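Computed from a predicted model, the values in this text were never measured in an experiment. Note: hydrogens, waters and symmetry copies are ignored here, and every other heavy atom, side chains too, is used.
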Amino acid sequence: MQLSEIKAAVNQFIDEAFSPDLSLVAWRQRLVAAGWAAPMWPKAYFGRDFSPAQVAVVNEVFQARGVVGAAQLGPRRLAAETILAHGSDAQKHRYLPKILTGEHAWCQLFSEPGSGSDLAGASTKAERQGDVWIMNGQKVWNTSAHHADFGILVARSDWDVPKHQGLSYFLINMRQPGVQVRPLRQMNGHASFNEVFLTDARVDHNDLLGQEGEGWAIATTTLSIERQGFARGRGPTPIHREITGRVFEEYAKEIAIDNEPYTWYPQREGRPDLVLQRAEATGAINDPVIRQEMAKLFCLTEAAKISANRVAAERTRADNQVLPAGSLGKLGASVIARQAAHVHTMISGAEAMLSGPESAEAGLIAETLISVPAISIAGGTDEIQKNIIAERVLGMPKEQRMDTGPFRDIARNN
Amino acid sequence: MQLSEIKAAVNQFIDEAFSPDLSLVAWRQRLVAAGWAAPMWPKAYFGRDFSPAQVAVVNEVFQARGVVGAAQLGPRRLAAETILAHGSDAQKHRYLPKILTGEHAWCQLFSEPGSGSDLAGASTKAERQGDVWIMNGQKVWNTSAHHADFGILVARSDWDVPKHQGLSYFLINMRQPGVQVRPLRQMNGHASFNEVFLTDARVDHNDLLGQEGEGWAIATTTLSIERQGFARGRGPTPIHREITGRVFEEYAKEIAIDNEPYTWYPQREGRPDLVLQRAEATGAINDPVIRQEMAKLFCLTEAAKISANRVAAERTRADNQVLPAGSLGKLGASVIARQAAHVHTMISGAEAMLSGPESAEAGLIAETLISVPAISIAGGTDEIQKNIIAERVLGMPKEQRMDTGPFRDIARNN
Amino acid sequence: MQTLYTDDQNQFRSVVSRFLEAHATTSQARELQETASGFDQAVWHQMSGELGLVGTHLPEAYGGFGFGMIELGIVLEEMGRRLYCGPFFSSAVLSGLAVAELADEANKIELLPKIASGEERVALVLDDLNQVEGIGHQLMISDQGLLSGTAPMVIDGLSAQRLLVIAGSATGLGLYQVDKGAQGLSITPRVSVDQTRKLAEVVFVDTATQFVGRVSPEALNRFWDLASVALSHEMIGGAERLLEDTIAYTKLRVQFGRPIGSVQAIKHRCADLLLTLEFAKAATQHVSFSLAAGEEEKHHPSMVKAMVSDCYRDIAIAAIQLRGGIGFTWENDTHLWFRRAKCSEVLLGTAGYHRERMIQSLGGQDAA
Amino acid sequence: MQTLYTDDQNQFRSVVSRFLEAHATTSQARELQETASGFDQAVWHQMSGELGLVGTHLPEAYGGFGFGMIELGIVLEEMGRRLYCGPFFSSAVLSGLAVAELADEANKIELLPKIASGEERVALVLDDLNQVEGIGHQLMISDQGLLSGTAPMVIDGLSAQRLLVIAGSATGLGLYQVDKGAQGLSITPRVSVDQTRKLAEVVFVDTATQFVGRVSPEALNRFWDLASVALSHEMIGGAERLLEDTIAYTKLRVQFGRPIGSVQAIKHRCADLLLTLEFAKAATQHVSFSLAAGEEEKHHPSMVKAMVSDCYRDIAIAAIQLRGGIGFTWENDTHLWFRRAKCSEVLLGTAGYHRERMIQSLGGQDAA
């Protein structure tokens with residue numbers, strides 16, 4: 001399809017099918033039926049096999065027309081892409097449409113208290129009893145799990161093979177008695193995550209994704225989708241321009257729920273954008289020692305931007321290959337956030353003790369100081385990033401592994 | 001012996017035996033014969049079994065009378081103490097007296113190009129042929145080897161046992177055709193060390209120290225003596241007060257040779273003592289940014305001094321136990337030296353490019369800038385110190401070793 | 001001058017430690033930080049009564065225990081280790097030192113026994129917590145003898161039974177006291193990053209005061225020195241505890257089949273932190289030894305606060321990082337120390353401020 | 001504005017690289033640093049003649065190649081990688097840029113072709129290599145038009161065939177030229193920490209000069225910017241090479257039965273250094289892209305020199321450390337880069353100087 005043809009087709013579809021008075025779900029059902037909800041997906045599964053360039057045109061028209069698209073934020077995207085890549089025909093038909101319409105919210109159930117950096121060390125137990133799998137264990141860092149209808153779950157189905165071989169990947173119904181979700185409050189007071197307790201929770205054998213024992217291989221798909229998301233940057237999507245109508249109201253609510261866990265994310269990045277105005281407002285701009293630290297920060301932030309642009313350009317030139325430079329950018333973000341927190345502390349002086357809405361920048365500075373520690377942990381710690389950089393970018397030799405052999409025999413947390 | 005008796009005895013001995021017109025060796029032979037050369041040593045071996053307090057009295061009298069003592073600087077001390085601890089009766093009688101008189105200079109032949117931090121990985125070959133051992137290999141970092149008559153040598157006599165078990169310890173005559181000594185110039189232009197090439201060099205079986213295969217155990221004695229030396233601080237011994245006479249002239253020459261390798265050691269410590277005067281002389285003292293870096297440096301130097309005093313006091317209280325705090329002090333010295341070099345660079349600005357006698361402080365600043373890198377390498381790298389601190393002070397678990405099993409099969413440098 | 005703690009002092013530490021071990025747990029801290037006063041009356045009474053800790057460093061002649069900075073440092077280190085919540089720092093340390101150093105004799109006789117016995121909890125109102133040079137510019141005594149101005153952050157200002165104020169006037173700085181019920185006085189609690197130490201804004205509008213003593217620049221600097229050293233002891237206690245706990249965690253936490261504490265990158269970070277801590281701790285304790293012996297060096301108090309500010313913060317950052325996600329949770333106690341570290345870092349002057357002050361004391365003329 | 005090098009530019013780099021690979025080895029550098037002139041005539045002729053590298057960045061109208069900062073940066077990075085010894089930086093970069101930016105038209109016509117062709121090696125005499133604000137305070141033109149004063153460090157001052165001087169006068173700063181044989185001129189070689197770049201002290205006593213151009217503060221600042229960016233490119237080349245070689249060494253060097261590059265502490269240090277290098281390199285090359293497009297931001301040149309000064313030094317320190325004892329020997333080449341790094345760190349302004357200059361460019365008023 002030519003790009004101009006696409007434009008015309010999308011416009012025509014919107015003219016015919018869209019009305020602001022539709023319910024959000026009803027409108028999206030039309031989108032799905034017509035193949036405009038996920039045009040990059042295969043024709044066989046609700047899509048049109050479009051190239052990135054073609055998809056861009058579709059998005060442009062949607063944006064220009066001020067029309068709502070399919071649900072795609074947060075963990076549901078991870079679930080959808082993974083099911084698309086590894087699911088059976090039946091699974092794709094069962095789950096994908098309702099993800100696109102937003103009828104089903106999803107969450108990710110990978111991390112465990114005992115396995116953080118070492119995701120493949122998961123020890124949630126999956127035991128088969130006939131046509132049903134029984135799950136027991138605890139998951140953690142599960143964004144939006146309290147809103148989720150389903151979860152993508154990695155659990156150990158075989159304890160007698162090496163750790164990467166004993167995992168299986170399941171699609172679990174979160175609305176059942178065996179699944180308990182508890183919000184997990186962070187040190188900055190927000191509760192962006194949950195803990196999920198699985199106690200004899202049940203998964204139909206039909207909801208095993210891929211084959212038994214393929215869990216780790218499938219999880220790496222999910223993780224690489226997640227990393228691409230990080231590289232692209234995440235954060236509150238700007239709310240759609242104000243047009244009254246049921247579909248927009250429902251969409252605004254959906255976005256509010258989706259974005260709620262991320263409101264403090266700018267603060268965890270250190271708010272370097274607030275430094276200059278704070279320095280001017282407090283007079284700290286006249287302190288030569290603080291000026292040095294500000295300059296160090298600005299060097300970092302500008303270089304990070306320049307470097308990210310370059311990486312993006314290289315990626316385009318290299319035909320969208322995912323380069324491992326993402327870890328460098330992530331490590332850089334940690335350095336920047338720490339330096340920004342340091343500079344904010346110097347600028348505020350004793351005032352840095354104050355918190356709450358009446359403190360500096362309506363509390364954003366205080367929230368920054370106690371949010372920055374997250375940036376070097378979430379999404380893979382700095383330590384993990386450095387290993388990746390050393391081994392994959394610099395080609396330095398791996399360490400001898402201490403976790404080979406049957407999982408049952410490997411040292412792990414209790 | 002009471003302390004007062006000792007004082008009287010030493011004074012009497014000096015009255016009777018000393019004359020400034022003696023040769024240095026002749027005088028020291030008298031010292032050895034009378035047991036005053038090494039009074040802390042056993043009576044059976046040229047000493048008097050004196051306690052540290054008793055020895056202190058002897059030293060005081062020598063100092064008060066302005067009289068030269070036994071030769072004891074540099075590697076000869078390591079050789080002497082090790083032979084005393086592990087040598088046979090015959091070896092002690094053969095070697096110790098001439099060490100004390102200064103007739104024989106010694107050097108240490110432990111490090112190799114392929115085994116630096118990993119001393120026990122030495123691969124110099126020791127092959128027994130009847131009553132003689134034949135040595136082949138290369139040693140490095142051998143202070144004063146070009147002046148040495150003998151060397152303490154660690155070499156591999158068995159390649160089929162684990163690495164720590166296959167080493168033996170030899171006393172080697174340096175004045176033989178199979179031993180070639182080459183000065184090794186450092187990046188700062190000084191040549192404090194040598195390389196020693198052993199090509200079919202010969203050692204009499206009588207000069208095997210301890211038993212075959214005990215080399216590593218004996219080497220640890222030498223190394224701990226060396227570390228004590230580091231903890232006590234080293235550097236040019238103040239030359240003896242000017243009294244004319246043959247014995248003093250010969251002593252001055254000996255000291256000059258012994259100290260020659262160490263003239264740049266104050267520079268490798270970063271010369272923090274020169275910072276304030278340089279800052280005042282250049283006007284850098286008025287730069288608030290440089291003041292901060294100066295303050296950081298002074299915090300470090302003063303805290304290091306305070307901490308060292310405390311460690312010394314704790315050692316005394318703990319009855320002279322060697323605490324592992326030495327590694328902390330050594331690591332601190334590296335931090336100080338680097339910060340001092342940084343501060344000197346800031347103070348000098350572009351002038352830091354200049355070197356030679358006409359540059360700042362008669363070239364001492366330039367020499368500092370290119371000597372400081374040695375402090376975090378020599379005597380055990382910072383990396384090794386941090387491992388020691390983590391494992392021995394903090395009790396953190398050791399890593400899995402990759403160098404167990406027969407030495408022949410362990411990966412090593414070619 | 002002593003180089004190590006004496007056996008008596010070590011025993012004193014054990015006594016303090018045992019008491020706090022029982023009466024200053026983190027679960028208590030978590031409860032107390034939700035209250036307005038932020039402390040437990042019963043513990044305070046026991047601490048001041050039975051143990052007499054509150055008067056540790058105050059002269060015997062005024063009802064104190066007669067110990068000096070060494071023993072005060074011991075108490076504060078043990079409190080810092082456990083995040084003790086209560087008015088010890090505000091009343092015993094800040095107000096106690098202010099009266100001891102700045103009050104005239106009659107007022108010492110009146111005030112010190114009350115402070116030393118813990119009978120009265122007194123807050124010291126300073127209009128600048130950043131730099132000693134800034135004190136007495138916002139809080140001013142008018143020619144009519146009335147106090148006006150704002151102190152934006154007063155430790156335990158709300159819960160204190162009495163206020164001491166350092167204020168400026170036409171004739172120089174002075175120390176004053178103000179009744180909690182005085183006219184024109186308003187006290188508003190402020191939210192602090194570290195809720196285990198309560199802050200309040202204190203505003204005076206033509207408030208009547210009682211003169212306590214004349215404050216010379218030298219005496220004010222000495223007060224600031226002593227307060228900074230005292231705070232440094234508290235911080236060292238916190239930093240040491242946090243590093244110990246963190247290292248213990250790395251020994252237990254297994255990832256990839258081995259304890260993370262066996263990994264060299266983590267070992268080396270811990271070794272670096274231990275060096276920082278050892279230097280900061282040795283220096284802090286040395287300064288108290290030298291103060292006790294009357295042999296202090298002028299630049300040492302600022303040297304110590306500068307080192308300790310950086311050290312505690314760096315250890316707190318590492319303490320969270322090495323715990324990974326769990327370290328960033330509310331449930332985990334690490335952030336309580338992190339918050340204390342962040343606030344103590346800037347209280348009574350940042351590291352940068354104290355480094356500049358140290359160089360000035362060393363004879364480098366003022367850069368400004 | 002470009003974000004990446006074009007294929008043509010990459011090819012240009014290959015050409016430069018191949019030439020230097022053959023003609024700028026460290027063994028040549030070791031020989032040349034023992035000579036007074038510090039460079040190889042034959043290589044210089046080949047470089048300027050056949051390849052035309054010396055005029056890379058100078059306008060075609062004046063005999064140059066007509067490329068801009070991008071290609072100059074490429075040449076300098078390749079030179080920095082190999083520690084090329086010769087008057088490229090002094091003559092092509094410093095003098096070439098000075099004439100291009102500061103000379104009047106007639107003097108450009110006279111001087112630039114000689115510089116661009118490499119026919120004349122010209123040294124730029126600056127009395128201050130620390131800060132642009134200091135230039136023209138020591139070297140002064142008298143009312144009689146005669147030059148007096150001392151420039152303590154002039155790059156290639158001894159071997160140059162002609163001197164350019166920026167000097168002050170009653171009417172402001174100017175660019176002047178001086179013949180090597182002029183009266184009252186004395187040139188004394190100085191020993192540099194980095195013997196691959198020769199320094200000399202240049203003293204003028206009532207020396208006759210020829211006026212080359214008036215120097216406005218804006219133009220002088222722009223010259224300093226361009227020279228700083230050019231130097232930064234050279235430094236980035238050196239830093240990158242040194243890090244590559246160091247990492248290669250850690251992969252080969254075996255201790256305790258495994259390559260030291262497999263140890264996490266060493267991996268993490270290398271990863272940290274790579275980040276520093278990537279940021280400094282991306283920024284440096286970006287500034288040249290933006291200068292070529294006429295879209296530069298005022299604070300960027302100082303930003304770049306500040307980052308690169310720290311980055312090259314830190315990599316040089318690690319390069320020796322990770323090699324252990326062997327890295328501290330004269331025989332090992334690492335110290336040649338270490339020395340270059342130490343000198344480049346301070347040449348044309350330390351990181352601290354450039355950070356302050358950067359903040360001023362960003363609109364933060366002068367702190368002084």
Side-chain angles (χ1 to χ4, degrees), chain A residues 275-276 279-280 284-318 324-325 327-336 382-400, chain D residues 2-5 243-244 247-248 250-252 257-264 266-287 289-290 297 299-300 302-304 306-308 310 351-352 354-368:
Chain A
V275 161
L276 197 55
E280 279 163 358
I285 187 77
N286 298 314
D287 180 330
V289 177
I290 296 180
R291 288 162 75 89
Q292 285 285 315
E293 297 303 318
M294 288 170 59
K296 285 181 196 165
L297 174 63
F298 298 153
C299 284
L300 288 168
T301 52
E302 298 215 27
K305 225 177 294 165
I306 292 165
S307 169
N309 284 341
R310 191 158 88 157
V311 169
E314 271 164 0
R315 194 168 282 159
T316 309
R317 188 183 274 185
S327 289
L328 265 186
K330 185 165 185 328
L331 189 60
S334 296
V335 175
I336 288 170
D382 276 8
E383 287 76 15
I384 294 291
Q385 305 308 324
K386 290 183 196 181
N387 285 343
I388 292 173
I389 293 165
E391 289 170 13
R392 298 198 207 153
V393 184
L394 298 175
M396 297 173 84
K398 298 204 176 207
E399 277 184 300
Q400 167 90 346
Chain D
Q2 65 190 84
T3 312
L4 301 174
Y5 286 107
L243 184 57
E244 284 166 14
I247 288 164
T250 68
K251 293 181 192 173
L252 290 177
R258 49 168 177 36
I260 61 171
S262 71
V263 174
Q264 255 206 20
I266 290 179
K267 278 181 179 164
H268 285 200
R269 184 162 185 184
C270 291
D272 285 336
L273 291 172
L274 181 70
L275 177 65
T276 321
L277 176 64
E278 163 61 19
F279 275 13
K281 180 176 150 187
T284 303
Q285 296 177 343
H286 168 84
V287 174
F289 294 152
S290 66
E297 295 196 58
H299 63 286
H300 273 179
S302 273
M303 170 183 94
V304 158
M307 295 180 81
V308 174
D310 287 347
H354 278 287
R355 281 192 284 264
E356 173 60 32
R357 190 164 177 264
M358 171 191 177
I359 292 286
Q360 285 175 31
S361 295
L362 271 173
Q365 76 265 40
D366 192 344

Heavy-atom closest pair, residues A:A303 and D:M307: CB-CE, 3.5 Å
Test log, rule side chain to side chain contact (heavy atoms under 4.5 Å, CB included), inputs D:I266 and A:M396: CA-CA 10 Å; D:I266 290 179; A:M396 297 173 84; 4.1 Å; yes
Part of D:I247 within contact of chain A (heavy atom distance under 4.5 Å): side chain
Non-hydrogen side-chain atoms of A:R291 and D:R355 separated by less than 4.5 Å: no
Residue pair D:A271 / A:L328: nearest heavy atoms and the distance that separates them: O-CD2, 4.5 Å
Least distance between heavy atoms, A:I389 atom then D:L274 atom: CG2-CD2, 3.7 Å
Approximate separation, where rounding is to 0.5 Å, of A:L394 CG and D:L243 CG: 6.5 Å
Under 4.5 Å from any heavy atom of chain A - which part of D:H354: neither
A:E399 and D:K267, any side-chain heavy atoms less than 4.5 Å apart: yes
Worked check of side chain to side chain contact (heavy atoms under 4.5 Å, CB included) between A:N387 and D:H268: CA-CA 7 Å; A:N387 285 343; D:H268 285 200; 2.8 Å; yes
Basic-acidic side-chain contact under 4.0 Å: A:R310, D:E278: yes
Gap separating the CG atom of D:L362 from the CE atom of A:M294, nearest 0.5 angstrom: 8.0 Å
Contacting region of D:F289 [heavy-atom separation from chain A under 4.5 Å]: neither
Atom group of D:T250 that falls short of 4.5 Å from chain A, counting heavy atoms: side chain
Of all pairs that satisfy salt bridge (Lys or Arg N to Asp or Glu O under 4.0 Å), the ones with a partner from residues 295-308 of chain A, not counting sequence neighbours: A:E293-A:K296
Which atoms of D:E244 approach chain A - backbone, side chain, both or neither, heavy atom under 4.5 Å: neither
Atom of D:K251, atom of A:P397 and distance for their closest heavy-atom approach: CG-CD, 4.0 Å
Close side-chain approach of D:S262 and A:K398, heavy atoms under 4.5 Å: no
Residue pair A:S307, D:H286: steps toward the side chain to side chain contact (heavy atoms under 4.5 Å, CB included) verdict: CA-CA 9 Å; A:S307 169; D:H286 168 84; over 6 Å; no
Heavy-atom check, side chain of D:M303 versus side chain of A:F298, under 4.5 Å: no
Donor-acceptor under 3.5 Å (D:E356 side chain, A:Q292 main chain): no
Full working for side chain to side chain contact (heavy atoms under 4.5 Å, CB included) between D:D272 and A:L331: CA-CA 8 Å; D:D272 285 336; A:L331 189 60; 4.1 Å; yes
Partners meeting side chain to side chain contact (heavy atoms under 4.5 Å, CB included) with A:Q385 (sequence neighbours left out): A:S327, A:K330, A:I388
